[in-house]
Amino acid sequence: MPQEASNKTDIPKAYDFKDVEPRWYREWNEKGLFRAEIIEGRPKFSMVIPPPNVTGVLHIGHALNNTLQDILVRYKRMDGYDTLWVPGTDHAGIATQNVVERQLASEGLTRDDVGREKFIERVWEWKKKSGGTIIEQLKRLGCSCDWSRERFTMDEGLSRAVREVFVRLYEEGLIYQDDYIINWCPRCHTALADIEVEHEMAQGSIWYMRYPVADEPERFVTVATTRPETMLGDTAVAVNPYDERYADIIGKELILPLVNRKIPVIADSHVDPEFGTGAVKVTPAHDFNDFEIAQRHDLPSVNIFDKNAIVTAEGGPYQGLDRFEARKRVLADLDARGLLEKEEDHSLAAGECYRCKTVVEPRLSKQWFVKIKPLAEPALKAVMEKRTEIVPESWVRTYDEWMTNIRDWCISRQIWWGHRIPAWTCEKCGELIVARNTPEKCPKCGSSALVQESDVLDTWFSSALWPFSTLGWPDETPELEAFYPTSVLITSFDILFFWVARMMMMGLHFREDVPFRYVYLHALVRDAQGKKMSKSTGNVIDPLTIMEKYGTDAVRFTLAAFAAQGRDIKLAEERIQGYRYFVNKIWNAARLVLMHVENSRPDDLVLESPEGCGKVEKWILSRLNSVTATVRNALETFNFDVAAKELYQFFWHEFCDWYLELSKPALSGNGTDHEVRSARAVALHVLDTSLRLLHPFMPFVTEELWHHLPETGGDRGYVMTAPFPREDSRWSSPGAEQEIERVMEVISGIRNVRAELGIHPGARLDVIAIPHSSEVSHILETYLAEISNLARVGSVTTAPGDSKRPGGAASLIFEDLELFIPLKGIVDIKEELAKLKRDEAKVMKELKKSEAKLGNSNFTEKAPAEVVEKERKKLEKAQAKLEKIMKHRKTLEAVEA
RNA sequence: AGGCGCGUAGCUCAGUGGGAGAGCGCUACCUUGACGCGGUAGAAGUCGGCGGUUCAAUCCCGCCCGCGCCUACCA
């Protein structure tokens, strides 16, 4: 809370997200920070949410998807864009209808018992009561959507868009009705589009059945089938025209057993003579291929199943049997007649309804279709011309393939929940009327006896319009003007065709422009073993549970850090815990900084430029600047993992581990006034900038800390709306970076020696230094205090290059520096010698490698000059180092002897 | 069957035509007043296998093995 900012000393030791998260979310929302404004002249950034099913609850995939969107939109908002992120839900026709049907079933009712109108009322009631669950969960995730613009695909406005699109496509001849074979779900009682059917390989059987030849009692044609029950609807047997085995029988008739119908033997090149017996039974009403064969040969169709996949009167004695029961009976009866030749194992992929997993039944029926080619071609072209860019690019190929081989889209569904098709039939004259508004009477005969089409539209038909219907289309609204095309669509690759492709088609057709400039496709979240998460396997990670346990920021950061392009995310709970620790690290680093700046005058904490700063400060500022550039660039290219990891590495391992440690004395008031002020201002500046860089990833902890920062130069407002840091070459300082890296190298080196020799971490050491370059002398002099502090060194005595190496001492040898730590009685000369030999071997190996390279004329002639030069330097360094190691070894050997 | 992707430290994964990296885990040590949700140091890999291109291959190409996913009308 801003008013509590003066209470900085009260910051608790550990970050308590439970208190912080709801508090800030409420405040952002109340202050209207999520709301999109349209301001002339400002750049625009917009996204539409992939609308979750209104029946849905937040799963880990949603968490990933929406975290990535939120990161991007928060970044752009901070960066000065007018941002709009449109949220909403999808009416999810079949899924929602199933939910309410289950509810009815528990009352012992079916949808037919209550009737269409009452049923739809029940669905709306359900939606009002439970439909908002996932929206509330998105808010807990921190999503900064513009909730004032929340939409639902069945809203009045969106429904109007659906009718408009349907009527226009119909008028353009792109929607038609036809008898066609479609995928039918016998449980949902509706047609399904091709892509709504899932195929899973499973072990089944293939049966060989004999069909007697009509006029030759002893002769049979054997057909192979995986679905023997459909033989009741056979209207032909097909063979390959070039199959000699059957040449003489083409055109003759067979007796269809059990049914005793005569069916012809026809020749069709679709038949593969190699497979089975080379003879195929043809059931046009219940098989896609057979349907096509039937069309080519003008065969009749016999529909043997009703909507429940129960055998109809056409099945004679089998009427009333379920399809699986019918199979058993048909096989038994064939066997009894000696017409079942054999049964073989056979693996096949039966289609299943993607909503309820019931095996679908191909079925001949009258359906509505969208003629897809005229829509698909521009949609493909737009991607090929990069008017919409798909990221990662590897998906373009898949998109291309699908869009090229696309088939007409079956859009009618025989359910009740959804957009009812705006078509009416005149009972008097049979006229078909397609209209935006319910017609009063038949335009042809004037009759008012009009009956509306009972089918509703595929849910994806309405979601295909989402990028413009949510912005007010078909009205020309300011939102549409400002925010279409949207900037980016972030979604999971598995709905590239269901949804993305269809939005491309509809957007281009009705808005004459692509619906989005970029499509970022992220991966699926799997469990730690790489298995798909599913309730039945019991390996789901519930985002709400882990948010409860580790905090939302930790969950978001984990998802971002693992969102590498083109690879599935294998998620284990330990990862989240690791990033929970990071949140805590940020919290405590902030505590440290705030503790030291709380009594400063605000003016003293302002940092305008790195001028006047010491090298350590210049170094961290330079690093911060380069991290800023990396993060920005990563976000612009959807490399969320790169951005997250860069921030993690910088904040923890550079800012905390080194900068704060190096400057602790100055921070706590040791040093000149200038040094103290400078250290504090820089620490605060880096903290401030880091919080802004981190905010898109971790909105809550950063906002909380932001309000603890001192108000240098007035109210800081919210980090959510603070400017996103921008790189600036003035802050870059390669010289300081190099120098501090040397200091770190020396400190780490001494620490290493201490650890290896088991010297107590608290013990102060006296060090003898023999520098071999002015550069390293300078480092030793300038950073004596830092080295002493962080490496626990008591004194450093510098000795000239030709002085005698101490005998009973541990050594640390660089190419231009030798350090000796005399420890009487502690250093075991044998141990030290062994260590030197290890070092020697290591350097020798590098040295030989370099020598070999440089000795190869092919290398020195063909490799780029800079690479060769680098290799020379490497060799020199190794030589210098080796020389010093040898010298020290001799000294020790002399002592020992 | 075709297409795509993956195989790098015990685990999860980055990465690049010229010195093998991170996180977690592991080992040793540490009551250094921001943090033990911490610190310091360390061990650990024939970069799936075999060939090829190249002065140089973990990276590029080919083949093979293993795994995953998507698409397909072999009944």
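Below, chain A is the first sequence line, B the second, and so on; all start at residue 1. Only a predicted model underlies this, so the values are computations on that prediction, with no experimental measurement involved. Just so it is clear, the values below take in all heavy atoms, side chains as well, and ignore hydrogens, waters and symmetry mates.
If you look at A:Phe17 and A:Phe700, their ring centroids are not closer than 6.0 Å. In this structure, A:Tyr211 has its ring center no closer than 6.0 Å to that of A:Phe220. Here A:Tyr579 and A:Tyr550 keep their ring centres 6.0 angstrom or further from each other. If you look at A:Phe291 and A:Tyr180, their ring centroids are closer than 6.0 Å.
Base-pairing analysis of RNA chain B finds the following stems of at least three consecutive Watson-Crick or G-U pairs, with both pairing distances under 3.5 Å: B:1-7 with B:65-71, B:10-13 with B:21-24, B:26-30 with B:38-42, B:48-52 with B:60-64.
With C1' as the reference atom, B:U46 and B:A20 are 13 Å apart, rounded to whole Å. Comparing the P positions of B:U8 and B:C59 gives an interatomic distance of 14 Å, to the nearest angstrom. To the nearest whole angstrom, the two P atoms, one in B:C61 and one in B:C67, are 24 Å apart. Comparing the P positions of B:G3 and B:G62 gives an interatomic distance of 12 Å, to the nearest angstrom. Between B:G39 and B:U32, the distance separating the two P atoms is 13 Å to the nearest Å. Look at the P atom in both B:A9 and B:A22: the space between them is 13 Å, to the nearest Å. Nucleotides B:A44 and B:G17, compared at atom P, are 28 Å apart to the nearest Å. One P atom belongs to B:G66, the other to B:A28, and the distance between them is 41 Å to the nearest Å.
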Sequence-aligned protein contact record of nucleotides 30-35 of chain B, with B where the base is within under 4.0 Å of a protein heavy atom and S where only the sugar-phosphate is: S---BB
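The phosphate of B:G39 (OP1 or OP2) has a side-chain N or O of A:Trp652 nearer than 4.0 angstrom. Contact between the side-chain N/O atoms of A:Ser748 and the OP1/OP2 oxygens of B:U40 is not found at any separation under 4.0 Å. Between A:Arg575 and the phosphate of B:U12, there is no side-chain N or O to OP1/OP2 separation shorter than 4.0 Å.
Residue A:Asn752 is in sugar-phosphate contact alone, with no base atom involved, counting any heavy-atom pair closer than 4.0 Å across all strands shown.
Using a 4.0 Å cut-off between charged side-chain N and carboxylate O, A:Glu229 and A:Arg227 make a salt bridge. With respect to A:Lys342 and A:Glu344, a salt bridge is recorded, a charged nitrogen being found less than 4.0 Å from a carboxylate O. Looking at A:Arg623 and A:Glu654, a side-chain N of the basic residue comes within less than 4.0 Å of a carboxylate O on the acidic one, giving a salt bridge. Between A:Lys874 and A:Glu871, at least one side-chain nitrogen of the basic residue sits less than 4.0 Å from a carboxylate oxygen of the acidic one, meeting the salt-bridge criterion.
Which of B:G23, B:G18, B:U12 sits closest to the side chain of A:Lys853 comes down to B:G18. Listed nucleotides: B:C73, B:A41, B:C55. Nearest to the side chain of A:His270: B:C73. In this structure, of B:G23, B:C73, B:C74, it is B:C74 that holds the atom nearest to the side chain of A:Asp272.
Between the side chains of A:Asn633 and A:Thr637, no donor-acceptor pair is found at a separation under 3.5 Å.
We find that NZ of A:Lys873 is positioned 16 Å from C1' of B:G18, with the value rounded to whole Å.
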